[in-house]
Amino acid sequence: MNVGWSLLAVIVLLLIPWIGVGVLGLDSLFGIVIPYACFLVFIIGLIYKMIYWAKSPQPFKIPTTCGQQKSLSWIKHSRLESPFTTWEVVLRMFFEIVFFRSLFRNLRAELQGRRLIYGSAKWLWLGAILFHWSFFIILLRHLRLFTNPVPEIIQGLDFMDSFLQTLGVPPVYITDVLIIAGLTFLLLRRLVDPKVSYLSHGSDYFPLFLILSIAITGVLMRYAIKVDIYGVKHLTLGLVTLKPTIPDVKIGTIFYIHIFLVSVLAAYFPFSKLCHMVGVFFSPTRNMANNNRYVRHVNPWDYPVKYTTYCEWQERFRDLLEQAGLPIDDEWCKEQQQTQKTQ
Ligand code: HEM
């Protein structure tokens with residue numbers, strides 16, 4: 001059901017610019033107005049989300065740890081699994097964001113008879129990394145459409161991505177193949193695995209179908225249905241310099257379908273699960289150092305609480321402590337009193 005509706009939504013989205021530009025000739029609406037409006041929603045929506053997250057109270061230290069915290073000098077500290085300094089947090093975030101480190105440890109759990117068996121499951125990590133990296137490289141390569149002259153680094157990236165050509169293989173970008181493979185895997189995983197399928201909603205399928213349709217229309221444009229690339233560049237350069245004009249030449253409806261889908265993705269982004277791209281930086285389980293036993297963290301909105309110090313407690317139960325043969329730390333209490341006096 002969720003799959004059907006999501007697919008239908010994307011098909012309807014495909015038809016809108018097809019009719020809008022192909023039949024009604026609304027090139028300016030689909031080439032200028034909608035992309036600008038959606039980009040604005042993307043920027044404002046993301047900024048709103050970031051402010052909202054940044055303002056959320058974080059009264060406790062809650063980093064996710066799965067390794068030895070920093071303690072005594074002779075116990076080996078796991079710097080990435082239980083970061084203690086900001087630098088270690090940065091390192092941990094880097095590996096998480098660039099290599100999806102925690103996903104790499106993903107496990108498969110299966111019941112075999114009455115026994116629960118855990119096994120390695122690297123496929124999800126591989127599919128996710130292929131998709132995200134290809135998407136990122138494709139976006140970077142697209143900068144050639146928005147810059148003039150095209151920076152050398154983008155030209156270099158383009159060259160490396162299409163290096164298969166030099167081996168005599170059909171001239172395809174490696175990332176084009178990988179993004180479609182990655183997306184297909186991520187989609188099939190939700191469709192085929194009953195456990196994942198049970199947990200999947202329309203909001204999981206819709207972005208997958210949408211991004212897949214963006215990739216497919218892009219690939220079609222490059223390898224099958226040719227568009228007027230000069231016309232495209234005229235339009236895209238106009239868009240970034242805020243002097244947009246529709247070129248006199250016909251670019252081709254497929255281009256408008258492509259950027260309409262991209263525009264929808266941009267406008268949908270801040271309100272969807274795709275925000276994890278930004279959200280990961282604000283995640284307290286990831287961005288906090290595990291130093292809560294070392295540093296005293298005072299909750300900024302704590303009201304003054306009447307509490308008993310250790311020395312007061314010791315004084316109160318002195319007789320009982322002595323009867324029980326427990327140590328009395330008078331030296332330390334004296335030191336405490338001295339420090340309090342000097343403060
Ligand atoms: C979410 C963002 C986008 C994705 C994932 C995406 C994806 C793709 C893919 C996979 C291709 C196939 C060729 C290649 O890899 O370069 C492509 C081609 C293309 N895309 Fe995009 N695209 C995006 C945004 C845009 C935007 C914003 C524009 C322009 C306003 C655009 C215009 C084009 C054009 C003109 C081509 C054909 C390039 C050629 O024939 O050399 N794309 N896109």
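Whatever order the structure lists ligands and atoms in, that order sets their numbers, starting from 1.
Close approach of ligand 1 to V232 (heavy-atom distance below 4.0 Å) involves ligand atoms 35 (C). For ligand 1 and R144, the ligand atoms under 4.0 Å from any heavy atom of the residue are 38 (C), 39 (C), 41 (O). When each atom of ligand 1 is checked for a heavy atom of T236 under 4.0 Å away, the hits are 29 (C), 30 (C). Counting the atoms of ligand 1 from 1 in the order shown, those under 4.0 Å from a heavy atom of R141 are 14 (C), 15 (O), 16 (O). Atom numbering of ligand 1 starts at 1 in the shown order; those under 4.0 Å from a heavy atom of F135 are 1 (C), 5 (C). Which parts of ligand 1 touch I138 is read off a 4.0 Å heavy-atom cut-off, strictly below it: atoms 7 (C), 8 (C), 10 (C).
Aromatic ring centres of F99 and F104: separated by at least 6.0 Å. Ring to ring, F42 and Y268 are not that close: their centroids are 6.0 angstrom or more apart. Note: H201 and F206 fail the aromatic proximity criterion, with ring centroids not under 6.0 Å apart.
The single protein non-hydrogen atom nearest to atom 40 (O) of ligand 1 is R222 CA, 3.6 Å, given as residue, atom name and distance. Looking only at heavy atoms of the protein, atom 2 (C) of ligand 1 is closest to L139 CD2, 3.5 Å. Closest to atom 36 (C) of ligand 1 among all protein heavy atoms lies M221 CE, 3.5 Å. Residue, atom and distance of the protein heavy atom nearest to atom 28 (C) of ligand 1 are I259 CG2, 3.6 Å. In this structure, the protein non-hydrogen atom closest to atom 24 (C) of ligand 1 is V262 CG2, 3.5 Å. Ranking the protein heavy atoms by distance from atom 15 (O) of ligand 1 puts D176 OD1, 2.5 Å first.
Of all the listed residues (I174, L239, I214), I214 holds the heavy atom that lies closest to atom 3 (C) of ligand 1. When the heavy atoms of G218, S213, G252 are ranked by distance to atom 9 (C) of ligand 1, first place goes to G218.
Here the side chains of L235 and I32 are in contact, with some heavy-atom distance below 4.5 Å.
Just one of K70, K76, R101 meets the salt bridge (Lys or Arg N to Asp or Glu O under 4.0 Å) condition when paired with E81; it is R101.
Checked against atom 21 (Fe) of ligand 1, the N, O or S atom of H258 at the shortest distance is NE2. Of all N/O/S atoms in H142, NE2 sits nearest atom 21 (Fe) of ligand 1.
For the 3.5 Å distance criterion, the side chains of S71 and R293 fail to qualify, holding no donor opposite an acceptor. Residues S82 and N290 have side chains that bring a donor and an acceptor to within less than 3.5 angstrom of each other.
Residue Y223 places no N or O, backbone or side chain, under 3.5 Å from any N or O of ligand 1. Checked against a 3.5 angstrom limit, the closest N/O atoms of Y173 and ligand 1 fall outside it.
In this structure, W53 and F282 have tilted ring planes: the angle between them lies in the 30° to 60° band. Ring geometry, W123 versus F185: the interplanar angle falls from 30° to 60°, so the pair is classed tilted. Using a 30° and 60° split on the angle between ring planes, Y48 and Y52 fall in the parallel class, below 30°.
By the criterion of a heavy-atom distance under 4.0 Å, neither the backbone nor the side chain of F269 is placed next to ligand 1. If you look at K233 next to ligand 1, there are no close heavy atoms at all, none under 4.0 Å.
The pair R190-D204 meets the salt-bridge criterion, with a side-chain N (NZ, NE, NH1 or NH2) lying under 4.0 Å from an Asp/Glu carboxylate O.
The cationic atom of R79 (NZ for Lys, CZ for Arg) does not lie both less than 6.0 Å from the six-membered ring centre of F84 and within 45° of the ring axis.
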